[in-house]
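Written below as structure tokens is the structure these notes are about.
As the structure is a prediction and not an experimental result, all values here were calculated from the model.
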Amino acid sequence: MILRYFLLLICLALPLRAAEPTRVLLFGDSHMITTYLPKEDAVTAQLQRALEAQWPGQPVTVQNFARNGEWIARFLLKGGYQAAYTTAKGADIIFIRYGMNDYKRIPAEEYAKHLRAFLDRVQADFLQARIILETSIYFDPAHFSDNAKLNTTLHPYREAIRALAAERGLPVCDIYEASRVATEAGNWDLRIRRMKKNEPRVIDASQDAGRENDMRWFTDSHPNREGVRIAVAAEVALLKTLYPESLPTGGGKQARAAIAPAEFEAALQFPAARLEGKRSASDNDSQP
């Protein structure tokens with residue numbers, strides 16, 4: 001009895017080791033980083049809260065490497081990925097969502113090649129991570145200035161995402177489908193407001209009065225707080241099917257030397273000079 005009591009005292013005196021966190025990395029464009037929203041409503045904060053609520057007691061860190069106006073070729077050729085790799089402490093789960101800027105510059109066939117090259121690099125650098133590809137938001141025909149033509153325009157890009165995921169055996173978080181279902185159920189208010197690119201953004205419906213039938217008012221493609229919530233809910237629901245009990249931990253990264261931009265140019269088959277190509281007149285992703 002005395003020995004057992006003595007051992008118990010020793011155990012209580014030992015410092016408790018903190019549980020290792022689940023490391024989540026996010027790659028994408030302004031739809032993934034949402035810097036125009038209050039910090040507590042942006043993707044990083046909403047996802048962090050949702051993961052901690054779904055898996056209570058499981059520490060989680062979310063590192064968001066998305067950039068405003070970003071597309072795969074520029075992220076790789078301008079050093080964005082290299083900076084992210086250097087900063088990341090490891091990864092257990094990685095969400096990848098590109099396309100909203102890529103489509104303005106390259107055809108879907110070339111986008112598929114770029115996504116493949118990016119995925120090759122990420123899979124080589126984070127061997128233990130669960131990688132999840134994502135589609136882009138759905139645009140409500142009744143509340144979008146292009147009368148939902150963008151849904152059709154982006155279709156081959158979404159198909160490229162799904163095809164590559166099927167080929168690699170990766171899960172897809174179908175944000176397009178999640179936001180379409182929400183919209184058709186009556187929850188259509190998923191995007192911020194702005195009539196023109198150089199005008200201030202309005203992140204909610206506070207100035208909708210009198211503009212309900214003005215499609216120019218609904219011209220912005222970026223998700224608002226509710227749009228982010230729908231996407232995060234889809235991400236958490238998918239993760240719950242993959243990890244019903246607890247999230248993975250312990251994912252490190254494969255140490256390597258810096259990669260020269262020329263190597264990325266070869267992998268993409270895309271010379272850096274093409275990055276300076278003219279942007280589409282409809283582009284409104286270049287601003288935060």
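Atom CZ of Arg216 sits in a sparse spot, with 12 or fewer heavy atoms from other residues, nucleotides or ligands closer than 6.0 Å. The number of heavy-atom neighbours closer than 6.0 Å to CD of Glu245, taken from other residues, nucleotides and ligands shown, is 12 or below.
Under a hydrophobic clustering in which Ile, Leu, Val, Met, Phe, Trp and Tyr are joined whenever their side-chain heavy atoms come within less than 4.5 Å, directly or via other members, Leu238 and Leu47 fall into the same cluster. Val232 and Ile175 fall into different hydrophobic clusters, defined by Ile, Leu, Val, Met, Phe, Trp and Tyr side-chain heavy atoms under 4.5 Å apart, directly or through other members. By the rule that hydrophobic residues join a cluster once side-chain heavy atoms approach within less than 4.5 Å of another member, Ile161 and Phe139 end up as members of one cluster. No continuous path of ILVMFWY side-chain contacts below 4.5 Å connects Val172 to Tyr98, so the two sit in separate hydrophobic clusters. Using a 4.5 Å cut-off between side-chain heavy atoms of Ile, Leu, Val, Met, Phe, Trp and Tyr, with links allowed through other members, Ile132 and Leu247 fall into the same hydrophobic cluster.
Between Glu70 and Met32 there is no side-chain heavy-atom pair separated by less than 4.5 Å. For the pair Asp125/Arg256, a side-chain contact is recorded, criterion being any heavy-atom separation below 4.5 Å from C-beta on. Residues Ile106 and Ile72 are not in side-chain contact: their nearest non-hydrogen atoms beyond the backbone lie 4.5 Å or more apart. At a threshold of 4.5 Å between non-hydrogen side-chain atoms, the residues His31 and Ser221 count as touching. Side-chain contact between Leu154 and Met100: present, with at least one pair of heavy atoms (C-beta onward) separated by less than 4.5 Å. Between Asp204 and Asn224 there is no side-chain heavy-atom pair separated by less than 4.5 Å. Side-chain contact between Pro248 and Ile93 is present, with heavy atoms from C-beta onward closer than 4.5 Å.
To the nearest 0.5 Å, atoms CZ (Arg191) and OG1 (Thr219) are separated by 8.0 Å. Separation of atoms CZ (Phe65) and CZ (Phe27) is listed at 6.0 Å; rounding is to 0.5 Å. In this structure, CH2 on Trp217 lies 13.0 Å from NE2 on His143, to the nearest 0.5 angstrom.
Side chain of Ser179 to main chain of Ile137: no donor-acceptor pair is present (N/O by atom type, distance under 3.5 Å, no hydrogens or angles). Remark: the backbone N or O of Glu226 is not paired with any side-chain donor or acceptor of Asp189 at under 3.5 angstrom. No side-chain donor-acceptor contact under 3.5 Å links Asp208 to the backbone of Arg211.
Annotation for Pro223 and Ile192: closest pair O-CG2, 3.9 Å, computed over non-hydrogen atoms. The two residues Ala50 and Val236 come nearest to each other via the heavy atoms CB-CG2, 3.7 Å. Taking both residues in full, the closest heavy atoms of Gln63 and Lys89 are given as OE1-N, 3.6 Å, listed atom of the first, atom of the second, then distance. When every heavy atom of Leu25 is checked against every heavy atom of Ala88, the shortest pair comes out as CD1-CB, 4.0 Å. The nearest pair of heavy atoms linking Leu51 to Leu239 is CD2-CD1, 3.7 Å. Scanning all heavy atoms of the two residues, the minimum distance from Ala91 to Ala129 falls at O-CB, 3.5 Å.
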Check the pair Arg162, Asp174 against salt bridge (charged side-chain N to carboxylate O under 4.0 Å, His left out), reporting the backbone distance first and the verdict last.
CA-CA 9 Å; Arg162 294 176 180 130; Asp174 202 337; 2.9 Å; yes
Please walk me through it: do Val24 and Glu235 pass side-chain contact (heavy atoms from CB on, under 4.5 Å)?
CA-CA 12 Å; Val24 180; Glu235 291 166 343; over 6 Å; no
May I have the step-by-step check of salt bridge (charged side-chain N to carboxylate O under 4.0 Å, His left out) for Glu184 and Arg180, ending in yes or no?
CA-CA 6 Å; Glu184 294 183 356; Arg180 183 192 67 80; 2.7 Å; yes
Assess whether ring-ring contact (aromatic ring centres under 6.0 Å, His included) is satisfied between Phe118 and Tyr81, documenting all intermediate values.
CA-CA 9 Å; Phe118 183 74; Tyr81 177 75; 5.7 Å; yes
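Side chain to side chain, Asp140 and Thr183 fail the donor-acceptor criterion of an N or O pair below 3.5 Å. Under the 3.5 Å distance criterion, with hydrogens and angles disregarded, a donor-acceptor pair is assigned to the side chains of Gln58 and Thr22. For the 3.5 Å distance criterion, the side chains of Arg121 and Tyr85 fail to qualify, holding no donor opposite an acceptor.
Ring centers of Trp71 and Phe270: under 6.0 Å apart, within the cut-off.
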